[in-house]
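A short worksheet on the structure shown next.
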Amino acid sequence: MAQAVLPEGWTARPIEPATDLLAVQQLVNACERALGGTAVSDSGAIATVLARPGIDPVTDTLLVHAPDGELAAWAWTDRRTDADVHPAHRGRGIGAAMLRWIEERARERGTAELAQIVPDRDTAATALLRARGFRADATSWLLAIDLDDLPEALPPAPEGITVRPFRAGDAADERAAHRLVEDAFDEWQQRRRDFDEWAAHTVRRDSFAAERSPLAFADGHLVGAALSLDLPATGEGYVENVAVHAGHRHRGIARHLLRHTFHACRAAGLRSCTLWTHSATGALDLYLKAGMTVRHSSTVLKKTLQ
């Protein structure tokens, strides 16, 4: 099994999901604050990674501890991968050691290609990955809108469309939203998520904000959804998914759902709202026309393994 080669006194072991989530979250948050000034990941985000189909925490995750016992870094890998080194422990070769472990473990698994998303502002990580043969494949953007600039009233819904909030815990809403989102994302995502995986990442997550998650209906059928999370540490709203049924696009439904979400976030006392979009979705123009602006970008880097 793949082993990380670390400096003397440093140790590595797999994550223990029952006991390590908080420490990993704090590590990730420290990296986020160092890079962008704001911590955005909650424990649900870490738990979702560990629940990815095919990941075995015993063999596919790595925690690195400094000689004093402090958690200094973590990594995980399947087809996608990620690694974070605490800002206080950078410059010691820990990131390079984890990347070598990631590639070795991926080869053991028979993975043909690795993908990692790296913030463009993280020039050191980008340089390390490129030096190991990773190449740019796609772009992701974080967009934001200042909620103080919203008009006071919501415009009317597109003709034939009714909108209501998601009903928290309602199985019918959950199942319908899963079908809608996965059908919409099938056009660009590499694999379809089953209900349990999808729900754990969205509607069954502790941070799911049903009251900020409007659903659009036509003739009683769900045709659009904007699903949001409550991340109080950021002071901002966050939209996890926006999806519209293929047969109802270009009617202004997505933009109308976003406006509902923005108003709900403002009513909750939030100052802004954010979301991520990927170049493969072709949705960047939609969000720009909805009044959002690009805050920063990330690059999807990929490597074909020999």
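The shown structure was predicted, so the numbers you read here are calculated from the model rather than taken from an experiment.
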Next on the checklist: R100 vs R132, test: side chain to side chain contact (heavy atoms under 4.5 Å, CB included). Steps then yes/no.
Outcome noted: CA-CA 9 Å; R100 287 191 293 269; R132 296 284 301 185; 3.7 Å; yes
Item to check | Heavy-atom side-chain proximity of V40 to Y238 below 4.5 angstrom | outcome: no
Next on the checklist: Could you check whether W276 and H296 have their ring centres less than 6.0 Å apart?
Outcome noted: yes
Next on the checklist: Quick check on side-chain contact (heavy atoms from CB on, under 4.5 Å): which of S298, S297, C31 does P119 satisfy it with?
Outcome noted: S298
Item to check | Exercise: identify the closest heavy-atom pair between P165 and A210 | outcome: CB-O, 4.1 Å
Checklist entry - When rounded to the nearest 0.5 angstrom, what distance separates CG in L50 from CD1 in I55? => result 7.0 Å
Item to check | Inter-residue atom distance L229.CG - T274.OG1, 0.5 Å rounding | outcome: 9.5 Å
Checklist entry - Are R107 and E103 ion-paired here, with the side-chain N under 4.0 Å from a carboxylate O? => result yes
Next on the checklist: Between E236 and R212, does any side-chain N to carboxylate O distance fall below 4.0 Å?
Outcome noted: no
Item to check | Minimum-distance pair of heavy atoms, taken over all atoms of E104 and A2 | outcome: OE2-CA, 3.5 Å
Next on the checklist: Closer than 3.5 angstrom, by distance alone: can the side chain of R167 be matched with the main-chain N or O of D173 as a donor-acceptor pair?
Outcome noted: no
Next on the checklist: Contact between V24 and L71 at the side-chain level, heavy atoms closer than 4.5 Å - yes or no?
Outcome noted: yes
Next on the checklist: So R193 and H201, do their side chains get closer than 4.5 Å, heavy atoms only?
Outcome noted: yes
Checklist entry - Side chains of E182 and D194: does their closest heavy-atom pair fall under 4.5 Å? => result no
Next on the checklist: side chain to side chain contact (heavy atoms under 4.5 Å, CB included) for M98 and W74? Distances and angles first, verdict last.
Outcome noted: CA-CA 8 Å; M98 289 197 304; W74 93 300; 5.8 Å; no
Next on the checklist: Are L6 and I94 packed together at the side-chain level, in the sense that at least one heavy-atom pair is separated by less than 4.5 angstrom?
Outcome noted: yes
Checklist entry - Is the CG atom of D68 crowded by more than 12 outside heavy atoms at less than 6.0 Å? => result yes
Checklist entry - Given D183 and D186, is the side chain to side chain contact (heavy atoms under 4.5 Å, CB included) satisfied, shown in steps? => result CA-CA 5 Å; D183 284 351; D186 271 347; 4.3 Å; yes
Next on the checklist: For residues F262 and V244: do they belong to one hydrophobic cluster (side chain heavy atoms under 4.5 Å, members Ile, Leu, Val, Met, Phe, Trp, Tyr)?
Outcome noted: no
Next on the checklist: Under 3.5 Å, is there a donor on one side chain and an acceptor on the other for E32 and N29?
Outcome noted: yes
Item to check | Heavy-atom closest contact (E174 atom, G169 atom, distance) | outcome: OE2-CA, 3.8 Å
Item to check | From D78 atom CG to R80 atom CZ, the distance as rounded to the nearest 0.5 Å | outcome: 8.5 Å
Checklist entry - If every non-hydrogen atom of K303 is compared with every non-hydrogen atom of G133, which pair is closest and at what distance? => result CG-O, 3.9 Å
Item to check | Test side chain to side chain contact (heavy atoms under 4.5 Å, CB included) applied to N241 and F185, step by step | outcome: CA-CA 10 Å; N241 292 141; F185 287 11; 3.5 Å; yes
Checklist entry - Is there a path from L215 to L257 through hydrophobic residues (I, L, V, M, F, W, Y) whose side chains come within less than 4.5 Å of each other? => result no
Next on the checklist: If you define the side chain from C-beta out and look only at heavy atoms, does anything of Q116 sit under 4.5 Å from V118?
Outcome noted: yes
Item to check | same_hphob_cluster(I102, L301) at 4.5 Å side-chain heavy-atom cutoff | outcome: yes
Checklist entry - Same cluster or not: are L129 and L62 linked, directly or through other Ile, Leu, Val, Met, Phe, Trp or Tyr residues, by side-chain heavy atoms under 4.5 angstrom apart? => result yes
Checklist entry - Is a salt bridge present between R105 and E108, judged by a nitrogen-to-oxygen distance below 4.0 Å? => result yes
Item to check | H263 side chain vs P151 backbone, donor-acceptor pair below 3.5 Å | outcome: yes
Item to check | Flag side-chain contact, heavy atom, 4.5 Å: P67 against W10 | outcome: yes
Item to check | Within 6.0 Å of CG in D149, more than 12 heavy atoms from elsewhere | outcome: yes
Next on the checklist: Please report the interatomic distance OG1(T299) to CG(D122), rounded to the nearest 0.5 Å.
Outcome noted: 11.0 Å
Checklist entry - With T261, which of V242, L275, V239 fulfils side-chain contact (heavy atoms from CB on, under 4.5 Å)? => result V239
Item to check | Side-chain donor/acceptor of S213 to backbone N/O of S228, under 3.5 Å | outcome: yes
Next on the checklist: Parallel, tilted or perpendicular: which one describes the rings of W198 and F195, with boundaries at 30° and 60°?
Outcome noted: tilted
Checklist entry - Could you give the distance from CG (D20) to CG (L27), rounded to the nearest 0.5 Å? => result 11.0 Å
Checklist outcome for this item: Heavy-atom closest pair (A66 atom, A72 atom, distance to 0.1 Å) is N-CB, 4.3 Å
Checklist entry - Backbone N or O of I15 within a donor-acceptor pair of the T61 side chain at under 3.5 Å? => result yes
Next on the checklist: Taking the side chain as everything from C-beta on, heavy atoms only, tell me whether L150 gets closer than 4.5 Å to R266.
Outcome noted: yes
Donor-acceptor pairs are to be reported for all side-chain atoms of residues 140-147 against protein atoms at under 3.5 Å, with residues two or more places apart or in another chain.
from	atom 1	to	atom 2	distance (Å)
D146	OD1	D148	N	3.0

Next on the checklist: Give me the atom names and distance for the closest heavy-atom approach of A12 to A4.
Outcome noted: CB-CB, 4.4 Å
Checklist entry - Honestly curious: do F208 and I46 fall in one hydrophobic cluster under the side-chain, below-4.5 Å linking rule? => result no
Checklist outcome for this item: Taken to the nearest 0.5 Å, the spacing of R192 CZ from R179 CZ works out to 9.5 Å
Checklist entry - Salt bridge between D60 and R52, side-chain N to carboxylate O under 4.0 Å? => result no
